**Q** 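Below: one structure in structure tokens.
Here is the naming used below: chain letters follow the sequence lines, and residue numbers restart at 1 for every chain. Just so it is clear, the model here is predicted, and its values are computed rather than measured.
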Protein chains: 2
Amino acid sequence: MFSKLNRSHRASSVERHMNDFRRGKGWGAQIKRMGRRMTVPRRAIFKVVSNSSKHLSAEDIYMEIHKKYPGIGLTTIYRTLKLLVKTGLLIKHEFGEGCARYEYTAGKIKEHAHLICMSCGKVQDCSDIDIEKFGLDKISKEVSSRYSFNIKRKRLVFHGLCEECVKGGKK
Amino acid sequence: MFSKLNRSHRASSVERHMNDFRRGKGWGAQIKRMGRRMTVPRRAIFKVVSNSSKHLSAEDIYMEIHKKYPGIGLTTIYRTLKLLVKTGLLIKHEFGEGCARYEYTAGKIKEHAHLICMSCGKVQDCSDIDIEKFGLDKISKEVSSRYSFNIKRKRLVFHGLCEECVKGGKK
DNA sequence: ATAAAGATGAAAACTATTTACAAAAGTATT
DNA sequence: AATACTTTTGTAAATAGTTTTCATCTTTAT
């Protein structure tokens with residue numbers, strides 16, 4: 001389905017990037033550059049996190065992996081997650097539940113806000129609002145110049161009540 | 001009863017609020033309204049957190065308290081912190097160090113950004129940048145209308161390299 | 001002053017995450 | 001392909017922050 005479309009136009013660097021990531025190629029290369037190895041467990045874990053758009057916990061990933069690879073242990077999940085965070089493909093979130101959650105961000109430079117419901121605990125992505133354009137760019141500029149801070153990553157989180165909880169009257 | 005006394009200088013509601021909080025009065029009242037009690041450990045803990053402008057961990061608070069009240073245990077610190085968070089006087093932060101940190105916010109409605117250095121781990125407040133005016137207000141409005149989300153609290157965190165670490169060339 | 005409800009401290013329990021270590025698997029070199 | 005070398009793994013044990021349990025002590029309303 002892509003071959004026809006792509007005949008005429010040369011894949012942009014971003015597209016190539018994304019494709020590499022999809023195939024796990026990019027990560028394999030990155031890993032190798034660090035003098036480390038691409039293994040079966042790592043490939044499996046990468047597949048799970050990169051195919052999910054949710055915020056997965058180590059436990060979530062373990063349970064998913066466990067269906068296909070009952071031999072892979074939780075320890076390996078933690079180790080691999082740490083590695084993925086280090087290579088920048090994954091963001092580690094701590095939403096205050098007592099466990100970390102991981103979000104796949106390959107190639108995506110665009111930051112998005114998160115909504116956390118204080119009543120039901122649900123976490124939503126605001127991926128369709130361009131927070132940069134809505135003013136985050138100005139704040140960032142001001143912050144980095146006024147504090148001489150070299151910003152690498154931005155995180156915007158709103159705590160409040162989600163639509164259902166407001167309606168449902170749940171407190 | 002206040003109108004006559006405060007003829008020359010009528011304390012604004014914010015000032016009264018702040019004064020109450022400074023004396024611990026406000027919290028005492030709030031606590032009582034919840035059918036709970038004001039005790040010696042709670043007063044001591046409140047004093048420590050409300051007089052500090054830092055981001056204190058439970059351990060930090062415990063050590064501070066312990067100088068004056070060696071009898072007060074860490075468990076009570078945790079219980080009291082939870083109570084203070086519930087009444088809204090304290091914000092619980094999880095900066096990714098493995099322990100929570102608490103920030104006193106009595107009366108202060110103004111939200112400020114935080115800078116976390118990825119190299120040395122230092123956490124800075126950006127209290128002198130009005131992030132609302134710099135665009136957070138617009139993002140919030142957009143988010144709450146587009147997602148029907150009732151925003152109670154906003155959190156903006158920048159991860160990157162602080163001035164010293166950029167200069168020092170560490171990492 | 002007293003009774004009832006709530007709060008406390010010490011120790012134990014819990015939970016997410018990390019570490020230790022011997023065995024297994026990936027990689028580069030023959 | 002067999003080798004030798006290094007990294008990674010799985011299991012179990014260790015850690016660290018936080019929460020729970022429970023008997024005792026405080027606070028508060030009466």
**Q** Under 4.0 Å from OP1 or OP2 of C:dT18: is there any side-chain N or O of A:Lys82 that close?
**A** yes
**Q** Please list, chain by chain and in numerical order, all residues satisfying side chain to side chain donor-acceptor pair (under 3.5 Å) with B:Ser57, sequence neighbours excluded.
**A** B:Asp60
**Q** Identify every side-chain donor-acceptor pair in residues 73-80 of chain B under 3.5 Å, counting partners at least two apart or on other chains, and give the distances.
**A**
residue : atom : partner : partner atom : Å
B:Thr80 : OG1  : B:Thr76 : O            : 2.8

**Q** Using chain A heavy atoms and a threshold of under 4.0 Å, write down where along DNA chain D the contacts begin and end, 5' to 3'.
**A** D:dT6 to D:dA12
**Q** Output all residues satisfying side-chain contact (heavy atoms from CB on, under 4.5 Å) with A:Lys152, sequence neighbours left out; order by chain, then residue number.
**A** A:Asn150, B:Met118, B:Leu161
**Q** Considering residues at least two apart in sequence or located in another chain, which fulfil the side-chain contact (heavy atoms from CB on, under 4.5 Å) criterion with A:Lys86?
**A** A:Met34
**Q** Quick test of your reading of the model: are A:Glu142 and A:Lys138 salt-bridged, counting only N-O distances below 4.0 Å?
**A** no
**Q** Assign a letter to each nucleotide of nucleotides 24-30 of chain C from its 5' end: B, base within under 4.0 Å of a protein heavy atom; S, sugar-phosphate only; -, no contact.
**A** -BBS---
**Q** Can you confirm whether B:Lys54 is buried at NZ, in the sense that more than 12 heavy atoms of other residues, nucleotides or ligands lie under 6.0 Å from that atom?
**A** no
**Q** Can you tell me which residue pairs pass the side-chain hydrogen bond (donor to acceptor under 3.5 Å, both in side chains) test with a partner in residues 126-136 of chain A, sequence neighbours excluded?
**A** A:Asp128-B:Tyr147, A:Glu132-A:Lys154
**Q** Any chance you could pull the hydrophobic cluster mates of B:Ile91, using side-chain heavy atoms under 4.5 angstrom and chaining through other members?
**A** none
**Q** Check DNA chain C against residues 60-81 of chain A and give the residues with a non-hydrogen atom under 4.0 Å, in numerical order.
**A** A:Thr75, A:Tyr78, A:Arg79
**Q** Whole Å only: how far is the CZ atom of B:Arg43 from the P atom of C:dT8?
**A** 11 Å
**Q** Would you mind listing every ring pair (Phe, Tyr, Trp, His ring centres under 6.0 Å) that reaches into residues 113-145 of chain B, with sequence neighbours excluded?
**A** B:His55-B:His114, B:His93-B:His114, B:Phe95-B:His114, B:His112-B:His114
**Q** Let me test you: for the helix from C:dA1-D:dT30 to C:dT30-D:dA1, what is the angle between the axes at its two ends (five pairs each), rounded to 10 degrees?
**A** 40°
**Q** On a heavy-atom basis, which atom in A:Val49 and which in A:Leu56 lie closest, and how many Å separate them?
**A** CA-CD1, 4.4 Å
**Q** Could you tell me which residues satisfy side-chain contact (heavy atoms from CB on, under 4.5 Å) with B:Val85, sequence neighbours excluded, listed by chain and number?
**A** B:Leu90, B:Lys92, B:Tyr102
**Q** Is the shortest side-chain N to carboxylate O distance from A:Arg101 to A:Glu94 below 4.0 Å?
**A** no
**Q** Shortest non-hydrogen contact from B:Ile151 to B:Ser144?
**A** CD1-CB, 4.1 Å
